[in-house]
Amino acid sequence: MKSTRINTFITGVILIALGALTLRYPLSAILTVGMFIGIGLVISGINYMTGFYFFRLKRFILHGLLDIIAGVYMIAQPGVTSFVLPFVIGLWLFLTGVSRFSVSMWLGGAKARGWWLMFIDSIVLITLAILMCASPIVSSLSIMIVLACSLILHGLLVIAEGFTMFN
């Protein structure tokens, strides 16, 4: 369980760092967000795939593969990614939220401690996804701020989950 706690901590720190970089360099982030998020998604996907080793849940493999595929695409096509940024980020937030919702329901049924943190995180992610896709004409700077805040909040909640559920 200690290694699982370390994995969730690493994932949370990566997400917080990506959010902080996006807040610090919003104009540059508009041009390079595909790279920032793509790299983070590949690392996050690999980290989720290691979660399969501990829990034997196929959901972790699916989540990991989705993150890796999305990350590689964002790295390979940063121009296209910037153009459809609200929808790409919205889709990623939505898929991540749905995946985490599903896992939180499973953990809740298994009476795992702190399952409700993952549940709250899933609701936050799904809500942000809907907001992101509902207003695609919003300025890129606003999108960067929403993205940065969601990454930081997501990272903090993942760290809290790790220390609560796997303590």
Side-chain angles (χ1 to χ4, degrees), residues 1-20 22 33 36-74 81 84-136 138 143 145-167:
M1 288 297 185
K2 183 178 180 181
S3 58
T4 304
R5 189 171 58 230
I6 291 170
N7 268 356
T8 58
F9 179 78
I10 290 169
T11 300
V13 168
I14 289 168
L15 292 167
I16 292 168
L18 288 170
T22 304
V33 73
F36 281 161
I37 304 303
I39 292 167
L41 282 173
V42 169
I43 294 169
S44 176
I46 292 168
N47 197 32
Y48 270 110
M49 304 265 301
T50 63
F52 174 74
Y53 174 77
F54 298 107
F55 295 106
R56 299 287 186 228
L57 291 174
K58 292 178 184 171
R59 294 178 192 123
F60 284 119
I61 290 179
L62 177 62
H63 191 142
L65 285 175
L66 287 173
D67 275 6
I68 290 170
I69 291 168
V72 168
Y73 179 78
M74 292 174 100
T81 300
V84 295
L85 188 59
F87 300 107
V88 171
I89 293 170
L91 178 63
W92 173 70
L93 290 172
F94 182 78
L95 291 174
T96 301
V98 168
S99 173
R100 294 183 68 75
F101 178 83
S102 174
V103 172
S104 73
M105 291 293 100
W106 181 83
L107 289 171
K111 307 273 191 255
R113 272 187 340 155
W115 68 271
W116 54 273
L117 287 166
M118 188 179 291
F119 176 77
I120 291 171
D121 188 26
S122 71
I123 299 303
V124 167
L125 290 173
I126 291 169
T127 303
L128 289 171
I130 291 168
L131 291 174
M132 187 76 67
C133 292
S135 300
V138 174
I143 292 170
I145 292 169
V146 169
L147 172 64
C149 291
S150 66
L151 286 169
I152 291 169
L153 181 60
H154 180 42
L156 290 171
L157 286 168
V158 166
I159 290 171
E161 289 168 18
F163 283 103
T164 303
M165 287 193 287
F166 307 112
N167 200 2

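Source: prediction; values computed, not measured.
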Participant: What's the shortest heavy-atom distance between G19 and A148, and which atoms?
Facilitator: O-CB, 3.3 Å

Participant: Could you measure the distance from the CG atom of L117 to the OG atom of S122? Nearest 0.5 Å is fine.
Facilitator: 11.0 Å

Participant: Under 3.5 Å, side chain of S104 to main-chain N/O of F101, donor-acceptor pair present?
Facilitator: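 Yes: the side chain of S104 pairs with the backbone of F101.
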
Participant: Hey, could you give me the CG/CH2 distance between D67 and W92, rounded to the nearest 0.5 Å?
Facilitator: 7.0 Å

Participant: Can you find a heavy atom in the side chain of L153 that is under 4.5 Å from one in the side chain of V124?
Facilitator: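 In short, these two side chains touch, coming nearer than 4.5 Å.
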
Participant: Please check: side-chain N/O of T127 versus main-chain N/O of I123, any donor-acceptor pairing under 3.5 Å?
Facilitator: yes

Participant: So does L18 get a backbone contact from the side chain of T22, meaning a donor-acceptor N/O pair under 3.5 Å?
Facilitator: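 Yes; judged by distance alone, with no hydrogens or angles, the pair exists.
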
Participant: Identify each donor-acceptor pair in which a side-chain atom of residues 154-163 lies under 3.5 Å from a protein atom, sequence neighbours left out, and give them as a table.
Facilitator:
from, atom 1, to, atom 2, distance (Å)
H154, ND1, D121, OD1, 3.2
H154, ND1, D121, OD2, 2.8
E161, OE1, R100, NH2, 2.3
E161, OE2, R100, NH2, 2.4

Participant: For the atom pair CD1 (I10) and OG1 (T50), what is the distance rounded to the nearest 0.5 Å?
Facilitator: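 Output value for this atom pair is 8.5 Å.
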
Participant: Rounded to the nearest 0.5 Å, how far apart are CD1 of I14 and CD1 of I43?
Facilitator: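 Answer for the CD1-CD1 pair, I14 versus I43, is 5.0 Å.
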
Participant: Could you measure the distance from the CG atom of L128 to the OG1 atom of T96? Nearest 0.5 Å is fine.
Facilitator: 11.5 Å

Participant: Shortest non-hydrogen contact from M118 to V103?
Facilitator: SD-CG1, 3.5 Å

Participant: Which heavy atom in L65 sits nearest to a heavy atom in M49, and how many Å separate them?
Facilitator: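 Of all heavy-atom pairs spanning L65 and M49, the closest is N-SD, 3.8 Å.
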
Participant: Nearest 0.5 Å, please: how far is CZ in F94 from CG in L125?
Facilitator: 11.0 Å

